[in-house]
Every structure is written in structure tokens, then in C-alpha cells.
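Not measured: the values here are computed from a predicted model.
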Amino acid sequence: MMKSNVSHNKKSATINHIIIFTNIAMLITYTAKYTKTNSGYMGQLIEWQEVITEGETIEECRAMLQDATKEMVLAYRQQNKEIPTGGSLLEQIPIEV
């Protein structure tokens with residue numbers, strides 16, 4: 001948004017500009033996959049396989065996965081890389097064996 005204020009007198013005109021920048025944040029929903037390991041849980045994003053972490057509990061793993069994702073977003077922005085989009089759909093398919 002830009003706001004201008006112009007004041008005039010006989011000798012000069014003064015123009016003041018106020019520019020307001022806003023950070024528009026996008027909310028992207030990613031799909032997390034959690035796997036039980038000997039030491040706790042491993043978490044990984046389906047749409048962004050480079051984002052992977054571990055935690056002793058699923059809650060800790062989830063928090064670490066969210067933190068790792070935020071760090072990856074920052075790194076990708078600094079490198080001007082495109083941030084992967086979310087929206088994967090997972091389903092279980094029964095197979096007779």
C-alpha cells in the first residue's frame with residue numbers, strides 16, 4: 001500500500017510517500033510419513049524427500065520435522081530455488097500375499 005501526502009505553498013510543493021510492505025505468507029500442507037525405528041521414529045515429507053529427521057517419540061519427530069521444513073524453506077529461498085508444493089494423497093492398497 002502506498003499513501004501520498006502533498007502539501008502546497010506558494011514557493012514549493014512537498015510530497016511525502018509512506019510505503020508499507022507486507023510479508024504475505026503462504027500456507028502449504030505437506031504429507032508426513034512416520035516410520036517406527038529402533039531408536040524412536042523417522043519422519044519424512046512425501047513431497048519433499050530431502051526433509052527427513054528422527055525423534056524418540058512421534059511428537060518429538062513431528063516437531064523436528066516441522067523445524068527442518070522451516071529451515072529448508074529458508075535455505076531454498078536464499079538459493080532462489082522453487083519450494084516444492086504439498087498436496088499428496090496417500091492411500092493403502094490391500095494386496096493378497
Distance (rounded to the nearest 0.5 Å) between Leu45 CG and Lys33 NZ: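 Leu45 CG to Lys33 NZ: 12.0 Å, rounded to 0.5 Å.
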
Which donor-acceptor pairs under 3.5 Å do the side chains of residues 59-74 make with protein atoms, sequence neighbours left out?
residue: Glu60; atom: OE1; partner: Glu56; partner atom: N; Å: 2.6
residue: Thr69; atom: OG1; partner: Leu65; partner atom: O; Å: 2.7

Listed once per pair and sorted, the ring pair (Phe, Tyr, Trp, His ring centres under 6.0 Å) pairs that draw on residues 52-75, sequence neighbours left out: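 Of all non-adjacent pairs touching residues 52-75, none passes ring pair (Phe, Tyr, Trp, His ring centres under 6.0 Å).
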
Pairs meeting criterion ring pair (Phe, Tyr, Trp, His ring centres under 6.0 Å) with involvement of residues 50-97, two or more places apart: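 Found Trp48-Tyr76.
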
With sequence neighbours left out, what residues match [X] under side-chain contact (heavy atoms from CB on, under 4.5 Å)?
| X | value |
| --- | --- |
| Ser39 | Thr37, Glu54 |
| Leu89 | none |
| Gln79 | Ala75, Lys81 |

Other ILVMFWY residues reachable from Ile52 by side-chain steps of under 4.5 Å: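 Direct or chained contacts put Ile52 with Met42.
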
Which residues share a ring-ring contact (aromatic ring centres under 6.0 Å, His included) with Tyr34, sequence neighbours left out: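 Here no residue qualifies.
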
Contacts of Tyr41 that satisfy ring-ring contact (aromatic ring centres under 6.0 Å, His included) - sequence neighbours left out: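 Testing Tyr41 for ring-ring contact (aromatic ring centres under 6.0 Å, His included), a comparison that skips the adjacent residues, returns none.
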
Nearest heavy-atom neighbours spanning Ile46 and Ser88: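 So the two residues come closest at CG2-OG, 3.9 Å.
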
Worked verdict on Val51 versus Gln44 for side chain to side chain contact (heavy atoms under 4.5 Å, CB included): CA-CA 6 Å; Val51 181; Gln44 184 175 21; over 6 Å; no

Side chain to side chain donor-acceptor pair (under 3.5 Å) partners for Thr85, two or more places apart: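 In terms of side chain to side chain donor-acceptor pair (under 3.5 Å), with neighbours along the sequence ignored, Thr85 is linked to no residue.
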
